[in-house]
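FYI, side chains are in, hydrogens and waters are out, and symmetry mates aren't considered; it's all heavy atoms of this structure. Note that the coordinates shown come from a computational prediction; the quantities given were computed from them, not determined experimentally.
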Amino acid sequence: MGNKALVLLHNLLWSLLFSWCNTCYGAESDIQCLQALKEELNDPDNNLSSWIFSNETEGLICRFTGIECWIPEESRVRYIRLRNMGLQGQFPSALKNCKSLTGLDLSSNNLSGPIPHDIDELVPFVSVLDLSSNGFSGEIPLNLSNCTYLNAVNLTNNQLTGQIPWQLGQLNQLHKFTVAKTSLSGEIPYFLNSFPQDFDNNLCLCGIPLNPCKINLRKSQTPVIIGSAVGGILFAALVVSVLLFCMFRVSEKKKEDVKGSKWEMTMKPTKGFKVRW
């Protein structure tokens with residue numbers, strides 16, 4: 001089954017789940033999610049002007065700019081698309097209240113700071129994550145690999161550093177991974193599935209599909225050098241110990257010989273001494 005068919009099947013299953021389970025995710029939490037999201041993000045161009053929470057009419061938030069709901073008449077957010085809106089701030093923690101969210105696009109904004117280490121708790125069911133063309137810094141959080149529904153990840157054009165967690169390559173549903181134009185380093189992990197990948201303009205990344213990783217001879221020889229040095233010291237200490245032991249034995253032997261000679265001298269009769277009976 002092709003990747004597109006799997007994605008369609010995945011979305012269909014989610015749609016059926018949320019349509020059957022009306023009490024699983026209440027509208028109130030999603031409204032709170034968007035209220036807190038608007039408060040967290042700085043919107044200098046007023047692109048979120050339609051986000052007015054004057055009442056809690058069911059389905060009202062589904063008409064907000066960039067918001068897609070599972071069902072237009074129910075306030076359960078499925079996808080947030082806030083691309084290229086000049087938004088500022090950090091990755092919004094308010095998303096944890098959008099409990100039915102499966103798609104997030106915050107690309108081409110002015111967001112900064114680290115990608116939260118607990119991102120798997122903020123967006124646990126997200127299948128599409130696009131944070132490209134922002135100012136996110138730091139490492140790709142290891143817990144991103146706990147978002148097991150991920151189909152596509154785009155982190156291109158950020159200030160990310162460190163290595164790509166190898167656990168991301170083990171995600172069965174992942175079919176697109178893009179981290180071009182970042183400052184990542186180290187070896188590219190092995191990905192279970194063959195899919196579009198983009199690692200361009202990462203001078204410190206190596207491995208398939210880029211150039212092979214070079215072995216750092218200095219690092220690789222360090223254990224050998226240390227081992228040789230320790231071995232040399234131990235050998236020298238052993239030689240010195242043997243020499244000292246031999247010298248001690250020779251010294252003791254000489255002392256015994258001297259003592260023996262003195263004893264013999266004391267036992268030798270004096271010349272001209274006669275014994276009378």
Side-chain angles (χ1 to χ4, degrees), residues 3 41 82-84 86-93 95 103-124 126-229:
N3 288 328
L41 297 176
L82 301 179
R83 177 182 178 85
N84 194 24
L87 301 175
Q88 302 172 352
Q90 298 189 345
F91 189 95
S93 60
L95 292 172
L104 177 64
D105 184 354
L106 298 176
S107 62
S108 300
N109 283 292
N110 298 312
L111 303 178
S112 59
I115 300 175
H117 68 89
D118 60 344
I119 190 171
D120 57 324
E121 297 179 8
L122 301 180
V123 287
V126 69
S127 61
V128 178
L129 178 65
D130 191 345
L131 304 179
S132 62
S133 298
N134 278 287
F136 288 112
S137 58
E139 299 184 350
I140 299 176
L142 174 61
N143 286 351
L144 182 60
S145 61
N146 293 334
C147 298
T148 55
Y149 297 98
L150 279 173
N151 297 151
V153 176
N154 190 348
L155 304 176
T156 297
N157 196 20
N158 278 287
Q159 301 171 18
L160 299 174
T161 57
Q163 297 186 336
I164 301 173
W166 66 267
Q167 292 87 344
L168 286 175
Q170 308 305 302
L171 295 177
N172 291 323
Q173 299 192 49
L174 192 63
H175 72 270
K176 183 178 181 181
F177 186 75
T178 306
V179 290
K181 299 180 181 179
T182 61
S183 299
L184 295 170
S185 60
E187 186 173 3
I188 296 172
Y190 169 76
F191 288 86
L192 290 177
N193 303 320
S194 177
F195 51 77
Q197 305 170 19
D198 191 350
F199 305 100
D200 291 345
N201 296 312
N202 281 282
L203 298 179
C204 296
L205 276 179
C206 61
I208 300 173
L210 302 180
N211 295 326
C213 295
K214 296 180 180 180
I215 299 176
N216 191 326
L217 295 178
R218 290 185 178 180
K219 289 185 177 180
S220 64
Q221 291 177 356
T222 298
V224 176
I225 295 173
I226 294 175
S228 300

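- No side-chain heavy atom of I188 sits under 4.5 Å from any side-chain heavy atom of F177.
- A 6.0 Å sphere centred on CG of L142 holds more than 12 heavy atoms belonging to other residues, nucleotides or ligands.
- In this structure, I115 and L155 have side chains that are in contact, with non-hydrogen atoms separated by less than 4.5 Å.
- Heavy-atom minimum distance, Q173 versus T148: NE2-O, 3.8 Å.
- Put simply, the side chain of L168 reaches to within 4.5 Å of the side chain of S145, judged on heavy atoms.
- At a cut-off of 3.5 Å, with distance as the only test, a side-chain donor of T182 or N202 sits close to an acceptor on the other residue.
- The environment of CG in L203 is sparse: at most 12 heavy-atom neighbours from other residues, nucleotides or ligands sit within 6.0 Å.
- Between Q170 and Y190, the shortest heavy-atom distance links the atoms NE2-O, 3.6 Å.
- Nearest approach of D118 to N143, heavy atoms of both residues: CA-ND2, 4.3 Å.
- Here the CD-CG distance, from Q90 to L41, works out to 10.5 Å after rounding to the nearest 0.5 Å.
- Here the closest non-hydrogen pair linking N193 and L171 is ND2-O, 3.6 Å.
- The distance from the CG atom of L131 to the CG atom of L160 is 9.0 Å, given to the nearest 0.5 Å.
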### Query
Which is it for C206 and N211 under the side chain to side chain contact (heavy atoms under 4.5 Å, CB included) test, yes or no, and what are the steps along the way?
CA-CA 5 Å; C206 61; N211 295 326; 5.7 Å; no
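- Formation of a donor-acceptor pair under 3.5 Å by the N154 side chain with backbone atoms of T156 is found in this model.
- Remark: S127 OG to N151 CG distance equals 5.0 Å, nearest 0.5 Å.
- The CD1 atom of I119 sits 4.0 Å away from atom CZ of F91, with the distance rounded to the nearest 0.5 Å.
- You'll find the side chain of L111 reaches within 4.5 Å of the side chain of L106, heavy atoms only.
- Of the options N201, L184, D198, a side chain to side chain contact (heavy atoms under 4.5 Å, CB included) to V179 is made by L184 and by none of the others.
- Here the closest heavy-atom approach between residue P165 and residue P189 is recorded as O-CG, 4.0 Å.
- Here the closest non-hydrogen pair linking S107 and N109 is O-ND2, 3.1 Å.
- Rounding to the nearest 0.5 angstrom, the gap separating the CD atom in E139 from the OG atom in S183 is 12.5 Å.
- The CG atom of L150 sits 12.0 Å away from the CG atom of N172 when rounded to the nearest 0.5 Å.
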